[in-house]
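A quick note: this is a predicted structure, and the numbers were derived from the prediction, not measured.
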Amino acid sequence: MTRRTYQLTATREGQWWIIDVPELDYRTQARKLDQVEHMGRDLIALMEDIAPDSFDVATVIAMPESVAAQLDEATRLEHEAREVAAQAARDRRAAARALHDTYGLSAIEVAAVLGVTRARVYQLLDEKATA
């Protein structure tokens with residue numbers, strides 16, 4: 001026998017979390033997010049006249065649209081930053097390779113021009129081959 005699962009939707013309104021139980025068309029409230037499941041279970045148990053531990057709940061926290069938009073923008077910017085960083089790394093490797101191969105600079109000279117250590121120059125030259 002499978003246990004029934006009720007959905008709880010928690011939405012912040014002022015100082016309260018409003019907890020909707022769509023299957024029952026009832027709602028309750030809680031002060032803190034960690035009280036949402038308990039309050040939802042109590043409501044369901046009361047309205048259905050069943051034990052609070054005889055069913056499962058799935059809680060969905062409704063995010064304010066403005067916050068969701070901010071998070072979407074943050075995700076977009078993080079993706080863009082990764083792409084820009086990858087391009088910068090490719091350009092840095094190309095610059096090191098050009099100084100070394102095209103202009104004949106030694107690793108020590110490339111390091112001085114780029115302002116990095118000689119070990120980093122070797123990494124950049126090696127990364128070109130493996131990247």
Please check this pair: side chain of Thr75 against backbone of Leu71, looking for a donor-acceptor N/O pair closer than 3.5 Å.
yes
Can you tell me how far the CZ atom of Arg41 sits from the OG1 atom of Thr28, to the nearest 0.5 Å?
14.5 Å
When you measure from the side chain of Arg4 to the backbone N and O of Phe55, does any donor-acceptor pair fall under 3.5 Å?
no
Is any side-chain heavy atom of Leu105 less than 4.5 Å from a side-chain heavy atom of Val113?
yes
When rounded to the nearest 0.5 angstrom, what distance separates CD in Glu65 from CG in Asp72?
11.0 Å
Euclidean distance, Met39 CE relative to Asp34 CG, rounded to 0.5 Å
12.0 Å
According to a hydrophobic-cluster definition based on side-chain heavy atoms being under 4.5 Å apart (Ile, Leu, Val, Met, Phe, Trp, Tyr only), do Ile18 and Leu43 belong together?
no
Can you confirm whether Arg76 sits close enough to His79 that some side-chain heavy atom of one is under 4.5 Å from a side-chain heavy atom of the other?
no
With side-chain hydrogen bond (donor to acceptor under 3.5 Å, both in side chains) as the criterion, how do Tyr6 and Glu48 come out once you've worked through the C-alpha distance, each side chain's angles and the decisive distance to 0.1 Å?
CA-CA 11 Å; Tyr6 292 87; Glu48 296 286 279; 3.2 Å; yes
Heavy-atom side-chain contact between Leu46 and Tyr26 under 4.5 Å:
no
Are the side chain of Glu23 and the backbone N or O of Gln7 linked by a donor-acceptor pair below 3.5 Å?
yes
Residues Val21, Leu8; criterion side chain to side chain contact (heavy atoms under 4.5 Å, CB included); working and verdict
CA-CA 5 Å; Val21 184; Leu8 304 177; 3.6 Å; yes
Leu33 and Val67: same hydrophobic cluster, using ILVMFWY side-chain contacts below 4.5 Å?
no
Measuring from Glu37:CD to Asp56:CG, what's the distance to the nearest 0.5 Å?
9.0 Å
Check: Ile19 main-chain N/O paired with Arg27 side-chain donor or acceptor under 3.5 Å:
no
Are there more than 12 heavy atoms of other residues, nucleotides or ligands under 6.0 Å from atom CD of Glu73?
yes
Going by heavy atoms in the side chains, are Glu83 and Gln87 under 4.5 Å from each other?
no
Is the Lys NZ or Arg CZ of Arg31 less than 6.0 Å from the centre of Trp17's six-membered ring, within 45° of the axis?
no
Is there a donor-acceptor pair closer than 3.5 Å between any side-chain N or O of Arg93 and the backbone N or O of Leu124?
no
Atom CG of Asp25 with >12 non-hydrogen neighbours under 6.0 angstrom
no
Could I get the full list of side-chain hydrogen bond (donor to acceptor under 3.5 Å, both in side chains) partners for Gln35, not counting sequence neighbours?
none
Counting only heavy atoms not in Arg118, do more than 12 sit closer than 6.0 Å to its CZ atom?
no
So if you build clusters from Ile, Leu, Val, Met, Phe, Trp, Tyr with side-chain heavy-atom gaps below 4.5 Å, do Val57 and Ile50 land together?
yes
Would you say Arg3's side chain and Asp53's backbone share a donor-acceptor pair under 3.5 angstrom?
yes
Could you tell me which non-hydrogen atom of Ala51 sits nearest to which non-hydrogen atom of Ala45, and how far apart they are?
C-CB, 4.2 Å
Might you work through the salt bridge (Lys or Arg N to Asp or Glu O under 4.0 Å) test for Glu127 and Arg120, ending with a clear yes or no?
CA-CA 10 Å; Glu127 285 173 1; Arg120 180 64 182 135; 3.1 Å; yes
Cluster overlap Ile61 with Met63, hydrophobic side-chain contacts below 4.5 Å:
no
Taking the side chain as C-beta and beyond, is there a heavy-atom pair between Leu99 and Val121 under 4.5 Å?
no
